[in-house]
A.B. asks: 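Okay, handing you the structure first.
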Amino acid sequence: MAGASYSIKKNRIERGWHPGFVLDGDGTLRLDPGEGVHMLYLRAVDGGEEGASWGRLRFRVSCPEDTVYYLYAAAFDQDSFYRREQPVRIEDFLCDRRESHEIKRQFMKEAGFLKFTNQKDVLLYELQGRNLYLVLEVQGTGDFSMGQMRVDQQGDPFMNTFPEIYRERGSFFHRYLSVFSSIYEDFQEEIDDLPKLLDLDTCPAFLLPVYASWLGLRVGENFLEEPVLRALVKEAFSLNRIKGTKAALLRIARIVLGEEVVVLERNVMSAHIRKEQLKQVNRLYGGTVHDVTILVDQALTEVKKSQLLFLLDQFRPIRSRIHVVCLKKTCVLDSYCYLDWNAGIPWQGEGRLDREMEMDGAVCLR
């Protein structure tokens with residue numbers, strides 16, 4: 001059986017210190033172009049027992065050719081050392097923003113940290129100790145990114161199948177089998193993640209159009225934003241059951257616009273239109289029983305309007321024609337209000353003055 005596996009995700013990175021990096025929401029580190037030093041100091045990974053053995057460390061990295069990165073690693077049973085005759089926790093020292101990077105590099109050199117250059121998959125068989133300390137240093141500029149770091153304890157599934165005499169840690173035979181063991185573990189992780197590919201909440205965005213096509217839904221190529229596309233595919237089955245109804249139009253509009261709309265059917269309105277209003281109503285809502293008007297209480301961009309009409313066209317009743325009308329914000333007076341001579345209703349808006357801006361008596365804000 002394989003040993004414990006530790007993931008270095010966003011919460012662990014935030015508890016450390018990462019000067020010169022920008023941390024994304026998914027735990028990916030990217031270089032901050034405005035900084036000259038790029039370091040990542042992580043707090044200790046607790047192995048759970050003294051003398052813990054550490055195995056494989058890997059992560060995903062995207063690195064330009066002219067950028068070099070160094071990974072430092074060490075493991076100790078003790079979690080502190082004496083400095084200026086005072087005990088200091090190692091992780092607190094590494095993550096202390098007041099200490100210089102040169103002093104920390106000198107400490108790591110004297111403490112025997114292993115150093116790996118431009119490697120994203122390393123073996124830590126030489127390390128034994130309860131507390132594992134990891135430091136990353138990047139020298140260079142460009143589009144560097146690193147994430148999905150994971151470190152394993154001792155527990156090579158291939159090595160453990162051999163008799164005890166062959167299980168010498170760090171031997172040539174152990175390292176040789178680690179090549180095949182690593183490939184096996186990577187395959188096993190991909191197999192374990194297969195259910196996530198079929199989960200509409202966790203699957204990659206590029207699979208959403210494929211799943212939409214399985215349900216007979218056309219979504220175009222990079223036409224819809226990911227949140228809209230994900231919500232649409234999740235409701236595609238129920239939408240197909242009510243295709244061609246007013247309810248389908250309302251739900252499509254709700255997904256795309258994020259708010260409720262009003263659907264007016266010309267066929268239903270016919271019994272409530274007076275003859276003197278017929279011409280004006282026909283101009284607003286169409287002149288046939290197949291016209292359907294959707295009133296939207298917001299201003300739509302051409303892209304958003306195209307997305308809405310593209311999807312509505314797939315769920316509209318046959319022979320119907322869809323019209324989208326965007327309503328503008330307006331002012332309404334109470335029943336007993338009146339305007340005196342020279343009165344006016346201004347359009348309310350927000351304004352902001354620059355700093356140190358002066359206004360004299362001739363300036364008027366409207």
Side-chain angles (χ1 to χ4, degrees), residues 25 200-201 205 208-209 211-212 215-270 272-273 277-335 337 339 343-353 365-366:
L200 296 180
D201 291 321
L208 293 173
Y211 296 154
L215 298 170
L217 182 63
R218 293 180 291 110
V219 295
E221 294 293 335
N222 299 324
F223 186 54
L224 300 171
E225 298 89 349
E226 181 179 340
V228 174
L229 180 56
R230 199 174 293 274
L232 185 66
V233 176
K234 291 173 66 174
E235 295 196 35
F237 178 76
S238 57
L239 284 171
N240 282 329
R241 298 182 62 183
I242 58 174
K243 180 180 289 189
T245 65
K246 179 180 178 180
L249 303 184
L250 289 171
R251 292 181 66 175
I252 289 292
R254 176 69 180 179
I255 293 173
V256 177
L257 305 179
E259 65 177 27
E260 300 294 340
V261 299
V262 177
V263 177
L264 299 178
E265 302 173 75
R266 181 63 176 80
N267 183 39
V268 178
M269 298 171 57
S270 300
H272 307 282
I273 302 175
Q277 297 177 331
L278 184 60
K279 184 177 180 180
Q280 183 178 6
V281 170
N282 288 342
R283 291 179 57 189
L284 291 174
Y285 307 111
T288 69
V289 295
H290 304 293
D291 288 292
V292 178
T293 302
I294 297 179
L295 303 181
V296 181
D297 192 20
Q298 61 175 275
L300 299 181
T301 63
E302 288 299 323
V303 174
K304 184 65 69 173
K305 186 176 180 179
S306 299
Q307 293 174 352
L308 180 61
L309 291 175
F310 177 77
L311 295 175
L312 289 176
D313 183 65
Q314 302 179 55
F315 291 89
R316 64 180 176 84
I318 191 171
R319 297 181 62 187
S320 64
R321 294 183 296 183
I322 304 294
H323 309 277
V324 177
V325 177
C326 300
L327 304 178
K328 294 183 178 180
K329 300 294 183 181
T330 184
C331 297
V332 179
L333 295 178
D334 293 337
S335 301
C337 290
L339 299 179
I345 301 178
W347 180 262
Q348 295 184 356
E350 295 183 358
R352 179 178 298 177
L353 296 178
L365 296 179
R366 304 186 61 182

A.B. asks: Taking the side chain as everything from C-beta on, heavy atoms only, tell me whether L311 gets closer than 4.5 Å to L232.
C.D. replies: yes

A.B. asks: Is there a side-chain contact between V292 and V263 in this structure, where contact means two heavy atoms from C-beta onward sitting under 4.5 Å apart?
C.D. replies: yes

A.B. asks: To the nearest 0.5 Å, how far apart are CD in E265 and NE2 in H290?
C.D. replies: 13.0 Å

A.B. asks: With a 4.5 Å heavy-atom cut-off, do I294 and L312 have their side chains touching?
C.D. replies: yes

A.B. asks: Drop me the distance from R230's CZ to Y211's OH, to the nearest 0.5 angstrom.
C.D. replies: 10.0 Å

A.B. asks: Can you tell me which residue among L249, L250, L295 is in a side-chain contact (heavy atoms from CB on, under 4.5 Å) with V261?
C.D. replies: L250

A.B. asks: For the pair Q314 (side chain) and L217 (backbone), establish whether a donor and an acceptor sit closer than 3.5 Å, ignoring hydrogens and angles.
C.D. replies: no

A.B. asks: Is any side-chain heavy atom of R266 closer than 4.5 Å to a side-chain heavy atom of T293?
C.D. replies: no

A.B. asks: Compare every heavy atom of G244 with every heavy atom of P317, then report the nearest pair and how far apart it is.
C.D. replies: CG-O, 3.3 Å

A.B. asks: K305 versus C326: any side-chain heavy-atom pair under 4.5 Å?
C.D. replies: no

A.B. asks: Only one of L300, V228, D297 clears side-chain contact (heavy atoms from CB on, under 4.5 Å) with L257; which?
C.D. replies: L300

A.B. asks: Check step by step if side-chain contact (heavy atoms from CB on, under 4.5 Å) holds for V324 and L308.
C.D. replies: CA-CA 9 Å; V324 177; L308 180 61; 4.2 Å; yes

A.B. asks: Please give me the minimum heavy-atom distance between A248 and I242, naming the atom from each residue.
C.D. replies: CB-O, 3.3 Å

A.B. asks: Ignoring hydrogens and angles, tell me if any N or O in the side chain of D291 forms a donor-acceptor pair with the backbone of T288 under 3.5 Å.
C.D. replies: yes

A.B. asks: How long is the straight-line distance from CD of E235 back to CD1 of I252, given to the nearest 0.5 Å?
C.D. replies: 8.0 Å

A.B. asks: Nearest 0.5 Å please: distance from the CD atom of Q307 over to the CD1 atom of I255.
C.D. replies: 12.5 Å

A.B. asks: Distance check, rounded to the nearest 0.5 Å: H323 atom NE2 versus L264 atom CG?
C.D. replies: 11.5 Å

A.B. asks: To the closest 0.5 Å, what do you measure between CG (N240) and CZ (F315)?
C.D. replies: 5.0 Å

A.B. asks: Does atom CD of E259 have more than 12 heavy-atom neighbours from other groups under 6.0 Å away?
C.D. replies: yes

